[in-house]
Amino acid sequence: MFSPSPAASIWLYTQPADMRKSYRGLLGLIKQQMNESPQQGYFVFINRNKTQMKILYFEPTGYCIWCKRLAQGQFNYAQSTSAKRRLSALDLQHILAGVKVEKYRQFKRYKTPNISPN
């Protein structure tokens with residue numbers, strides 16, 4: 001399974017992308033539509049039917065494209081009028097796994113009180 005580091009910059013291109021594009025076509029979208037440097041992060045593209053995904057990223061030896069086509073179902077993400085949206089590594093894993101988080105709530109954790117010796 002594809003999993004970038006949690007500290008990586010991940011950008012989702014929020015408009016439908018043409019999956020016939022390869023390296024140069026995707027690099028053009030990154031530079032012209034997203035106004036980002038292609039060597040600085042992971043860039044996620046999804047087609048109009050939301051059944052195919054490509055992720056372009058740079059390694060020290062060159063560019064890589066990771067592809068996924070769903071046998072059934074769709075990738076669940078919200079399209080927007082802006083060209084890009086920042087994702088966390090967890091957000092990307094949720095999109096890949098088909099999980100939609102509708103409500104997120106973090107509970108308080110118990111902390112041991114500081115007891116100073118007398």
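Below, each value reflects all heavy atoms present in this structure, side chains not excepted, and no hydrogens, waters or symmetry copies.
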- Query: Considering only heavy atoms from C-beta outward, does the side chain of Tyr13 approach that of Arg85 to under 4.5 Å?
  - Reply: no
- Message: Between Lys54 and Phe43, is the side chain to side chain contact (heavy atoms under 4.5 Å, CB included) condition met? List the steps.
- Response: CA-CA 8 Å; Lys54 284 187 178 182; Phe43 298 91; over 6 Å; no
- Leu92 with Met34, same ILVMFWY side-chain cluster at under 4.5 Å: no
- Is there a donor-acceptor pair closer than 3.5 Å between any side-chain N or O of Lys68 and the backbone N or O of Gln52? no
- Task: Check Ala89 against Pro4 and note the closest heavy-atom contact, atom names and distance.
- Result: CB-O, 4.3 Å
- Message: Side chains of Trp66 and Met53, heavy atoms from C-beta outward: is any pair under 4.5 Å?
- Response: yes
- Item | Distance (rounded to the nearest 0.5 Å) between Leu27 CG and Gln32 CD | 10.5 Å
- Taking C-beta and beyond as the side chain, do Phe75 and Val44 meet within less than 4.5 Å on heavy atoms? no
- Message: Same cluster or not: Phe45 versus Leu70, using hydrophobic residues (I, L, V, M, F, W, Y) connected whenever any side-chain heavy atoms lie under 4.5 Å apart?
- Response: no
- Query: Which word best sums up how the rings of Tyr63 and Phe58 line up, parallel for under 30°, tilted for 30 to 60°, or perpendicular for over 60°?
  - Reply: perpendicular
- Are Ile95 and Leu87 side-chain neighbours, meaning at least one heavy-atom pair lies under 4.5 Å? yes
- Message: Assigning hydrophobic clusters by single linkage (Ile, Leu, Val, Met, Phe, Trp, Tyr; side-chain heavy-atom cutoff under 4.5 Å), is Trp11 placed with Ile30?
- Response: yes
- Can you find a pair of side-chain heavy atoms, one from Ile10 and one from Ser88, that are under 4.5 Å apart? no
- Can a salt bridge be assigned to the pair Glu36 and Lys31 using a cut-off of 4.0 Å between side-chain N and carboxylate O? no
- Message: So does Cys64 get a backbone contact from the side chain of Glu59, meaning a donor-acceptor N/O pair under 3.5 Å?
- Response: no
- Just wondering, do Ile46 and Leu12 contact through their side chains at under 4.5 Å, heavy atoms? yes
- Task: For the residue pair Ile55 and Ile65, establish whether any side-chain heavy-atom pair is separated by less than 4.5 Å.
- Result: no
- Task: Without swapping roles, check the side chain of Asn47 against the backbone of Thr51 for a donor-acceptor pair under 3.5 Å.
- Result: yes
- Query: Under 3.5 Å, is there a donor-acceptor pair between the side chain of Lys21 and the main chain of Leu26?
  - Reply: no
- Query: Around Arg86, counting heavy atoms of other residues, nucleotides and ligands shown, do more than 12 lie under 6.0 Å from its CZ?
  - Reply: yes
- Message: Can you confirm whether Ser82 sits close enough to Gln15 that some side-chain heavy atom of one is under 4.5 Å from a side-chain heavy atom of the other?
- Response: no
